[in-house]
Amino acid sequence: MSGPMVSAQGVHKHFGDLHVLKGIDLEVAPGEVVCVIGPSGSGKSTFLRCVNHLERVDAGKVLVDGEIIGYHEKDDGLHEMSHAEVARQRSTIGMVFQRFNLFPNMTALENVVCGPIWVNGENRTGAVERGRRLLDRVGLADKVDGYPAQLSGGQQQRVAIARALAMRPKLMLFDEPTSALDPELVGEVLDVMGDLARDGMTMLVVTHEIGFARGVADRIAFMDGGSIVECGTPAQVIGQPRHERTRAFLSKVLS
Amino acid sequence: MINPVPAAEPARVHRRPRWGSRVLAAAILFFLLFLGQSVVSNPNVDYHVVVQYLFNIEIMRGLLVTLVLAVLAQLVGVALGAVLAVMRMSDNSVLRSMAGAYIWFFRGTPILVQLLFWYNLSLWFPTISFGVPWGPTFVEVTTTAVMTSFVSAALGLALNEAAYMAEIVRAGILSIDRGQTEAALAMGLTPRRTMTRIVLPQAMRVVIPPTGNEFISMLKTTSLVQVIAGDDLLTKSLNFAHINSQTIEFLIVASVWYLLLTSVATYGQHHLEAYYSRGSSHNGGGPPGPTLRARLRGNLFSLRRAERGAA
């Protein structure tokens, strides 16, 4: 038996006086694709960043593959982990950012292999060989020696996906991966993500692409005002939304 | 298709005469001639002495000391400055305030005063001992044995430079997008390795040009060690000057060498800057492309061409 890959339990987050996350509960099963949709400022990205401890949670906890992220649980509560322990946890969780965040001083291949070499201590030859295969898998076999500045937004984002996959993650987080792209480049990135989902990768995707969510997600969570308003299959959430807020949001983005 | 028009002889374009520049140039030329004449025919200075002593062995030794001091102080300054910059931006408030206090002190007192402090340290602490505070002492040396003028000079210049370099490196670190740090952390790098492998290498691009300026400035600042008998270029020059009562002659000797050093350093800096400005952080950087200056030149050139075409 295997438990959930992600289990968020009553996650709260404040930015100063702003209560951004008001008790998020969400589970993602291994191999499942969950899309988080919702208006801007609803806390979707903040929640995603709590999953790999880029934001620390104020209350509640996030477990990935049964391990609490960022904290040790003791009798008297949660104790912060060391930097090295947090880094080890993060190395098993891939993340793709809205603004790609490729390292501009490295080629596409160097971006992909630096993690395996630096973090996992893989040998150079093996890492490079696998890096080439990964870039081939995202359709960029001819761009291995290109620098980020020489690539289109869509190509950069595909390199970023390959870079995350190079760490052999058990979970992939996507933070609005197509929001910074020109419209004609969105498709190529979504195609790669769709392939990844079909290959059985566990994915948590914050997105505005309702079409992608409907086609690829196993479940969709709709967030508004720091809470998950409703969560269910695409047919339920998009086809027959139960809440007025979900209907209002969908009518805006689908029109 | 447009019918080709038979090519006419292009009209010759004449620049508007710049009378103002010509008059000014003539006036300056006249003044320089006058100045040159009064310098060359000056009875108070013996220029043969300048030529005679320019390559004097003692002057050469002084030049070497100046160069070694500048390079050493700059290297230590860069290394210590980088450490201070990282400390200044640390999450640890103790490290942050330590770095802040260091920078406050070393930027807040004149370098000349600092040099005098180091040189005269023995008046304050006659001996330096290594051991457990308030406990046993393992090694004890007299301060005068350690704080030679060279050591005081190098130490004073380096520690002072570190304070300035810290601010330069800090600006470089701040120029790197927060997303770079997040991507590295998400990959599983610790904050320390994120800094040394991702942020600092990229910050170099921003740090290098002002560091070049600092070094050029350092070549000249070393002359201050003359007050602590630093045996540098200026010390040696003034030694001769006092012996022979030929102050101006030897100040010229020193100036010729300082100018040469700074000119070579400036030339080197241009190349370093061109190398590090390949690509810019705004469009991602990295790729070997035209340098910033080449791009600028290219733009100017095409601008001028456009002007000519319009005329």
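Chain naming here is simple, since letters A, B, ... match the order of the sequence lines and numbering starts at 1 in each. Bear in mind that the values here come from a model prediction, so they are computed numbers and not experimental data.
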If you draw a 6.0 Å radius around CZ in A:Phe15, do more than 12 non-hydrogen atoms from other residues or ligands fall strictly inside?
yes
Atom CZ in B:Arg197, atom SG in A:Cys114: separation rounded to 0.5 Å?
9.5 Å
Give a yes or no answer on whether the side chain of B:Gln180 reaches the backbone of A:Leu102 with a donor-acceptor pair at less than 3.5 Å.
yes
Shortest non-hydrogen pair, B:Ala186 vs A:Asn52, comes out as CB-ND2, 3.8 Å
Got a sec: does the OH of B:Tyr267 have more than 12 other heavy atoms crowding it under 6.0 Å?
no
Heavy atoms only, distances under 4.5 angstrom: which of A:Gln98, A:Arg90, A:Arg88, A:Gln156 has the most pairs with chain B? Name it, please.
A:Arg90
Taking atom CZ of B:Arg96 as the centre, report whether more than 12 heavy atoms of other residues, nucleotides or ligands fall under 6.0 Å from it.
yes
Tell me, side chain or backbone of A:Leu54 under 4.5 Å from chain B's heavy atoms, or both, or neither?
side chain
Give a yes or no on whether the backbone of B:Gly179 and the side-chain of A:Asn101 come within a donor-acceptor separation of less than 3.5 Å.
yes
Step by step, work out the side-chain contact (heavy atoms from CB on, under 4.5 Å) result for B:Met187 and A:Arg163.
CA-CA 9 Å; B:Met187 183 181 270; A:Arg163 175 174 71 174; 3.4 Å; yes
What option among A:Gln89, A:Arg49, A:Met95 has the most heavy-atom pairs under 4.5 Å with chain B?
A:Arg49
Gap between atom CZ of A:Arg99 and atom CG of B:Asp177 - 0.5 Å precision
8.0 Å
Distance (rounded to the nearest 0.5 Å) between A:His83 NE2 and B:Leu189 CG:
13.5 Å
In this structure, are over 12 heavy atoms from other groups packed under 6.0 Å from B:Asp91 atom CG?
no
Which one of B:Arg192, B:Arg178, B:Arg193 has the most heavy-atom pairs closer than 4.5 Å to chain A?
B:Arg193
How many angstroms lie between CG in A:Asp175 and CD in B:Glu182, if you round to the nearest 0.5 Å?
9.0 Å
Are there more than 12 heavy atoms of other residues, nucleotides or ligands under 6.0 Å from atom CE of B:Met98?
no
Start with the C-alpha distance between B:Ile198 and A:Met106, add both sets of side-chain angles, then the distance that settles side-chain contact (heavy atoms from CB on, under 4.5 Å), and finish with yes or no.
CA-CA 10 Å; B:Ile198 299 296; A:Met106 301 183 195; 3.8 Å; yes
